[in-house]
Amino acid sequence: MTGAASPTPGGQAADWLRDLHNQPGVDGTCLQAGGRVVAHDLPFSDERAGDLAACIERLCESYIAVGRRVWQVFFGFERISVLVVTRDSLRLTILLRPDTDPAKLTSRATRLLLDLNIAPPTRTEPTAEAPVTAPGGMSRADFEKLLTGLVGRVIGYAQAAKIVQPPLQRAGTNGSMTKADARRIGLEILEAIPNRSKRAALVSEFLHSLDA
């Protein structure tokens, strides 16, 4: 189990995960701070555990980007289920055997995150001078993150980045965007979504986020 011999807080996390792994129906657990694995006892390599942590972090960040913080996510597959419980930037992922009721484990995992003495990672800004946002507008970085998160739900994040970048480059935006520019460019980007109903839903969410 990675992290088992680590000093506190990693060692503390390993002890907690060991107790959680002993619960009926649990096949593995992983605690991460942001995209960094703190400790895990997943039935595969540290490298694959890191890949899973990165996927979980991208999933959580996609919701955070549009102002929707999540505290619990559950995926049910044919041979395994995946439960993710979050607290701030901490994510606790639990692999469950089929037909395992996640309710009791959700409660236990939530208590673990609340009691565990690990400070969530601090979100640091680039050392370069922070962009100045125009009154009533938004920074280009925030705009790009918002649109990539929205479009990425439909076509994947790699493809979303390719769609978001060209309109921004053509507009010649630097660190700051007016609200009118953000609205115009955002609607142009969302027009690339082929499915009409999905496009309409994303447009509605984009406009709501822009006005928030």
Side-chain angles (χ1 to χ4, degrees), residues 30 32-37 46-75 77 82 84 86-91 93 120-212:
C30 179
Q32 64 188 81
R36 176 181 63 86
V37 174
D46 290 350
E47 182 178 0
R48 288 188 62 196
D51 291 341
L52 174 63
C55 289
I56 296 299
E57 184 63 15
R58 286 196 297 270
L59 171 70
C60 293
E61 285 293 334
S62 70
Y63 284 98
I64 293 173
V66 294
R68 294 185 174 184
R69 293 186 176 274
V70 294
W71 70 272
Q72 176 187 333
V73 183
F74 182 74
F75 304 95
F77 300 101
V82 181
V84 182
T86 77
R87 188 202 97 197
D88 297 321
S89 295
L90 300 178
R91 320 333 181 165
T93 301
T122 302
R123 293 178 180 272
T124 57
E125 297 298 327
T127 54
E129 184 178 351
V132 178
T133 304
M138 66 192 310
S139 71
R140 170 172 170 156
D142 287 342
F143 175 86
E144 187 173 342
K145 186 175 182 180
L146 171 63
L147 265 294
T148 302
L150 288 171
V151 179
R153 295 185 202 169
V154 179
I155 62 175
Y157 292 95
Q159 187 65 24
K162 294 179 181 179
I163 290 177
V164 170
Q165 286 294 330
L168 282 173
Q169 293 172 356
R170 288 197 300 270
T173 57
N174 294 316
S176 177
M177 303 174 65
T178 66
K179 185 174 181 179
D181 283 342
R183 179 187 179 95
R184 173 178 56 79
I185 298 171
L187 293 178
E188 177 187 344
I189 291 170
L190 293 174
E191 279 299 315
I193 304 298
N195 185 287
R196 181 180 299 177
S197 61
K198 291 180 180 179
R199 181 172 66 246
L202 292 180
V203 166
S204 176
E205 187 163 345
F206 167 67
L207 294 177
H208 176 76
S209 298
L210 199 60
D211 292 334

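Starting from 1, each residue takes its place in the sequence as its number. Note that this is a predicted model, so its numbers are computed, not measured.
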Rounded distance (nearest 0.5 Å) linking atom [atom1] of [X] with atom [atom2] of [Y]:
| X | Y | atom1 | atom2 | result |
| --- | --- | --- | --- | --- |
| Arg48 | Cys30 | CZ | SG | 12.5 Å |
| Ser209 | Leu147 | OG | CG | 9.5 Å |
| Glu205 | Leu146 | CD | CG | 8.0 Å |
| Glu144 | Arg140 | CD | CZ | 5.5 Å |
| Trp71 | Asp88 | CH2 | CG | 14.5 Å |

Under 3.5 Å, which donor-acceptor pairs link side chains of residues 192-202 to any protein atom two or more places apart or in another chain?
residue, atom, partner, partner atom, Å
Asn195, OD1, Ser197, N, 3.1
Asn195, OD1, Ser197, OG, 2.7
Asn195, OD1, Lys198, N, 2.9
Arg199, NH1, Ile193, O, 2.6

Residues which pass side-chain hydrogen bond (donor to acceptor under 3.5 Å, both in side chains) with Ser62, listed by chain and number, not counting sequence neighbours
Tyr157
Residues Phe74, Val84; criterion side chain to side chain contact (heavy atoms under 4.5 Å, CB included); working and verdict:
CA-CA 6 Å; Phe74 182 74; Val84 182; over 6 Å; no
Restricting to non-hydrogen atoms, name the atom on [X] and the atom on [Y] that form the minimum distance, rounded to 0.1 Å.
| X | Y | result |
| --- | --- | --- |
| Leu187 | Phe206 | N-CE2, 4.1 Å |
| Cys60 | Thr86 | SG-CG2, 4.0 Å |
| Tyr63 | Val70 | CG-CG1, 3.9 Å |

According to side chain to side chain contact (heavy atoms under 4.5 Å, CB included), who are the partners of Ala53, at least two apart in sequence or on a separate chain?
Gln32, Val37
Partners passing side chain to side chain contact (heavy atoms under 4.5 Å, CB included) against Phe75 (at least two apart in sequence or in another chain):
Leu59, Val73, Phe77, Val82
Heavy-atom side-chain contact between Phe143 and Ile189 under 4.5 Å:
yes
Could you list the residues that satisfy salt bridge (charged side-chain N to carboxylate O under 4.0 Å, His left out) with Glu188, not counting sequence neighbours?
Arg170
By salt bridge (charged side-chain N to carboxylate O under 4.0 Å, His left out) - contacts of Arg184 (at least two apart):
Asp181
Is Arg36 salt-bridged to Glu57, cutoff N-O under 4.0 Å?
no
